[in-house]
**Q** 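Attaching a single structure in C-alpha cells format; questions to follow.
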Amino acid sequence: MHKVVLTALAALGVVGVLGMTNTTTANASSKVNDYINSKNIKPAKITKSIWNGFPKNKYRHGKAKPEGVVVHETANPSSTIYNEIAYMKRNYNNAFVHSFVDGSRIINIANTDYLAWGVGFPGNARFVQFEQVEVHSKSAFAHEVSNAAWYTAYLLNEYNLKPNDAAYDGKGTVWSHGAVAKNLGGSSHTDPVGYYSTTGKRYFGQKYTMAAFYQMVKKYYNAMNVKHTKLVNADYTSVNKQAKLSSKYTKYYLYNHVKGANKNAKRQSWSKISPKVGKTYYVDMTAKKSTGSTWYRIKPSKNTTSKTRYWVYSGNLNGVKDVPTETTATAMSASASSDDASSVSSSSVSSSSNSN
C-alpha cells in the first residue's frame with residue numbers, strides 16, 4: 001500500500017520507488033501524448049481535502065514560495081488513491097506529499113503553501129510534491145498522465161513559476177523524484193521513470209518518458225496563459241488614500257494587475273502583503289472597470305520606496321479615506337490653536353462683562 005521509506009526523520013522524510021533509470025530522453029513523438037490529444041481528454045478538477053494534521057513548515061524562501069514540482073509514483077500496483085491517502089495520514093511523521101493523482105481524480109490533501117516530506121534534504125524545502133497511483137488500463141493511464149501534467153502546470157502557474165525541465169542540468173521547475181535524487185541527493189529513488197516506461201510499453205507499445213510528460217506540462221501551461229476572453233476597459237486615477245483590510249479578504253484574491261483589464265494579471269499569494277484584518281494599507285491608484293467594479297492598488301507602507309504594488313477588489317478594504325498630509329495636519333493644528341484663542345478671548349470678554 002505504500003512505498004519503502006528510506007528515512008524516518010520527520011524533517012527529512014522520503015518517499016519514492018526504485019526504478020530502472022532516471023535518464024530522460026526526448027521523444028520526437030509520444031503515443032501516449034498523441035492518444036490524449038486525439039481523444040481530447042480533459043483533466044480532472046482538483047478536489048480539496050486538506051487535512052490539518054500535517055505539519056506546516058515554510059519552504060526555504062518562505063511560505064508559499066516553492067521552486068518547482070516533484071512528480072512521484074507510489075510503486076504499489078494493488079492500492080487505490082484512498083488507501084494511499086489513509087496510509088499517509090497515519091504515517092506522515094515518516095513521509096507525506098501534498099496531493100495524489102490517478103486516472104480520474106486529483107486530490108489535494110496538504111496545503112501547498114508549506115513544504116512536504118517526500119524527497120529528503122534539501123528537496124523537501126524547495127518543491128511541491130504529488131504522488132501518482134498505479135492504474136491498469138490504456139485509458140486510465142492516459143487520463144492519469146493528463147491529470148498529472150495538468151496539475152503540474154497548474155501548480156507552476158499558481159506560484160508564478162515557468163516550466164523548465166530539470167532532468168538535463170538539475171536546474172528547473174519540473175522534477176521527477178529520480179532527478180532530485182541524482183542532482184540534489186536525499187534518496188536513491190527514481191520514480192516515476194520505471195512506472196512510466198513499463199506502463200507505456202504495456203498499453204501503447206512505447207515507453208513513456210519524463211521528456212514526453214514535460215511536453216504535456218508545457219502544453220497545459222501555455223493554454224492556461226492564453227487569454228480567451230476580451231479584456232475590459234478601466235479608468236485609472238492616482239490617489240493618496242489609506243484603508244484597512246476587511247475580514248472578507250479571504251473570499252477574494254490578490255493580483256499583480258487589475259483582473260480582467262490586463263492580459264498579465266495573475267493571482268498572488270496573500271503572504272506577499274502579510275495580511276491581517278484591520279491592518280492599514282496605503283492606496284496610490286484606483287481603477288474603475290467598465291463592468292462597474294472598483295479596484296485599489298495598495299502598498300504596504302505610506303513612504304515605501306518599493307515599486308511592488310498589488311491590486312485588490314474594493315471588497316477587500318474598509319474605511320477608504322484620504323491620507324492626512326503635512327499641510328492638512330498643520331492647518332488642523334492652526335485651526336485648533338485659533339479655536340483655543342477664540343475661546344480664551346470669549347472668556348475674557350465674558351469675564352470683563354461680568355465685572356462690569
Side-chain angles (χ1 to χ4, degrees), residues 24 26-27 29-50 64 66-74 80-82 84-85 97-113 116 118 127-135 137-167 172-177 179 191-193 195-196 199-200 203-204 208-229 253 266-267:
T24 306
N27 286 344
S29 176
S30 165
K31 292 183 179 179
V32 176
N33 291 356
D34 290 345
Y35 183 89
I36 293 171
N37 294 329
S38 66
K39 297 294 184 180
N40 195 27
I41 291 176
K42 302 297 183 183
K45 293 182 179 180
I46 300 171
T47 298
K48 291 281 187 179
S49 185
I50 304 297
E67 299 165 55
V69 180
V70 177
V71 182
H72 292 267
E73 182 266 318
T74 62
T80 68
I81 194 168
Y82 296 112
E84 293 289 345
I85 291 172
V97 294
H98 294 100
S99 305
F100 282 84
V101 173
D102 65 9
S104 56
R105 290 166 287 266
I106 301 170
I107 303 179
N108 175 213
I109 61 171
N111 190 335
T112 55
D113 282 350
F127 309 120
V128 178
Q129 306 179 51
F130 72 88
E131 290 274 3
Q132 294 166 99
V133 179
E134 292 195 11
V135 295
S137 74
K138 181 175 184 177
S139 177
F141 184 62
H143 278 80
E144 179 173 56
V145 167
S146 174
N147 290 341
W150 180 87
Y151 186 52
T152 301
Y154 165 84
L155 290 169
L156 295 178
N157 194 58
E158 185 76 1
Y159 289 104
N160 297 311
L161 300 169
K162 294 183 179 180
N164 184 358
D165 192 350
T173 57
V174 180
W175 298 72
S176 67
H177 190 168
D191 57 298
V193 176
Y195 171 62
Y196 276 1
T199 310
Y203 296 120
F204 291 88
Y208 195 60
T209 66
M210 279 300 296
F213 176 80
Y214 178 70
Q215 293 305 312
M216 289 302 297
V217 172
K218 286 203 302 183
K219 172 194 168 185
Y220 287 126
Y221 180 89
N222 290 337
M224 290 174 186
N225 288 278
V226 173
K227 301 298 181 182
H228 298 287
T229 57
Y253 293 99
K266 289 185 178 180
R267 293 179 186 176

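Everything numeric here is computed off the predicted structure, so don't read it as measured data. Note that these values count all heavy atoms, side chains included, but never hydrogens, waters or copies made by symmetry.
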**Q** Verify, without hydrogens or angle tests, whether E134 (side chain) and T74 (backbone) share a donor-acceptor contact under 3.5 angstrom.
**A** no
**Q** Do S146 and Y220 meet the criterion of a side-chain donor-acceptor pair at a distance under 3.5 Å?
**A**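 Side-chain D/A pair, S146 to Y220: present.
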**Q** What orientation do F213 and Y196 show, parallel under 30°, tilted 30 to 60°, or perpendicular over 60°?
**A** tilted
**Q** Can you tell me how far apart CE (M216) and CD1 (I36) are? Round to the nearest 0.5 Å.
**A**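 Going from the CE atom of M216 to the CD1 atom of I36 covers 4.0 Å.
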**Q** Applying side-chain contact (heavy atoms from CB on, under 4.5 Å), name anything that partners K39, two or more places apart in sequence or on another chain.
**A** Y35, I41
**Q** Fit a plane to each ring of F204 and F141, take the angle between them on a 0 to 90° scale, and name the class: parallel (under 30°), tilted (30 to 60°) or perpendicular (over 60°).
**A** tilted
**Q** Could you tell me whether a side-chain N or O of T152 sits under 3.5 Å from a main-chain N or O of A148, the two making a donor and an acceptor?
**A**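 Yes; at least one donor-acceptor contact below 3.5 Å.
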**Q** Determine whether I81 and E131 satisfy the following criterion, side-chain contact (heavy atoms from CB on, under 4.5 Å), listing intermediate values before the conclusion.
**A** CA-CA 9 Å; I81 194 168; E131 290 274 3; over 6 Å; no
**Q** Return yes if some donor-acceptor pair links the side-chain N/O of N108 with the main-chain N/O of H98 below 3.5 Å, else return no.
**A** yes
**Q** Going by the rule side-chain contact (heavy atoms from CB on, under 4.5 Å), which residues pair with L161 if we only count those two or more places apart in sequence or in a different chain?
**A**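 So L161 forms a side-chain contact (heavy atoms from CB on, under 4.5 Å) with L156, Y159, T173.
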**Q** Should K218 and D165 count as side-chain neighbours, where that means a heavy-atom distance under 4.5 Å?
**A**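 No; the side chains remain at least 4.5 Å from each other.
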**Q** Might you point out which heavy atoms bring Q129 and V97 nearest each other, and give the distance in Å?
**A**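 Closest approach of Q129 to V97, heavy atoms only: O-CB, 3.6 Å.
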**Q** For N37 and K219, test the side chains for any donor-to-acceptor distance below 3.5 angstrom and give the result as yes or no.
**A** yes
**Q** Would you compute the distance between atom OG1 of T112 and atom CG of L155 and round it to the nearest 0.5 angstrom?
**A**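 So the gap between those two atoms works out to 6.0 Å.
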**Q** Sequence neighbours left out, what passes side-chain contact (heavy atoms from CB on, under 4.5 Å) with S137? Give chain and number order.
**A** S139, A140
**Q** Name all residues meeting the ring-ring contact (aromatic ring centres under 6.0 Å, His included) criterion together with Y154; count only those two or more places apart in sequence or in a different chain, and write none if there are none.
**A** W150
**Q** When you look at Y195 and V135, which way does the side-chain contact (heavy atoms from CB on, under 4.5 Å) test go after all the steps?
**A** CA-CA 10 Å; Y195 171 62; V135 295; 3.3 Å; yes
**Q** When you measure from the side chain of D191 to the backbone N and O of E73, does any donor-acceptor pair fall under 3.5 Å?
**A** yes
**Q** Would you please classify the geometry between the F130 ring and the Y151 ring as parallel, tilted or perpendicular, with 30° and 60° separating the classes?
**A**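 Taking F130 first and then Y151, their aromatic rings stand perpendicular (interplane angle over 60°).
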**Q** Go through the structure and list residues passing salt bridge (Lys or Arg N to Asp or Glu O under 4.0 Å) with E158, not counting sequence neighbours.
**A** none
**Q** Sequence neighbours excluded, which residues qualify as side-chain contact (heavy atoms from CB on, under 4.5 Å) partners of K162?
**A** Y221
**Q** Okay, side chain of N147, backbone of I106: is any donor-acceptor separation there less than 3.5 Å?
**A** no
**Q** CD of E144 to CZ of R105: how many Å apart, nearest 0.5 Å?
**A** 10.5 Å
**Q** Under a 3.5 Å distance rule, please check whether Y214 uses its side chain to pair with a backbone N or O of P163 as donor and acceptor.
**A**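 Between the backbone of P163 and the side chain of Y214 there is a qualifying donor-acceptor contact (under 3.5 Å).
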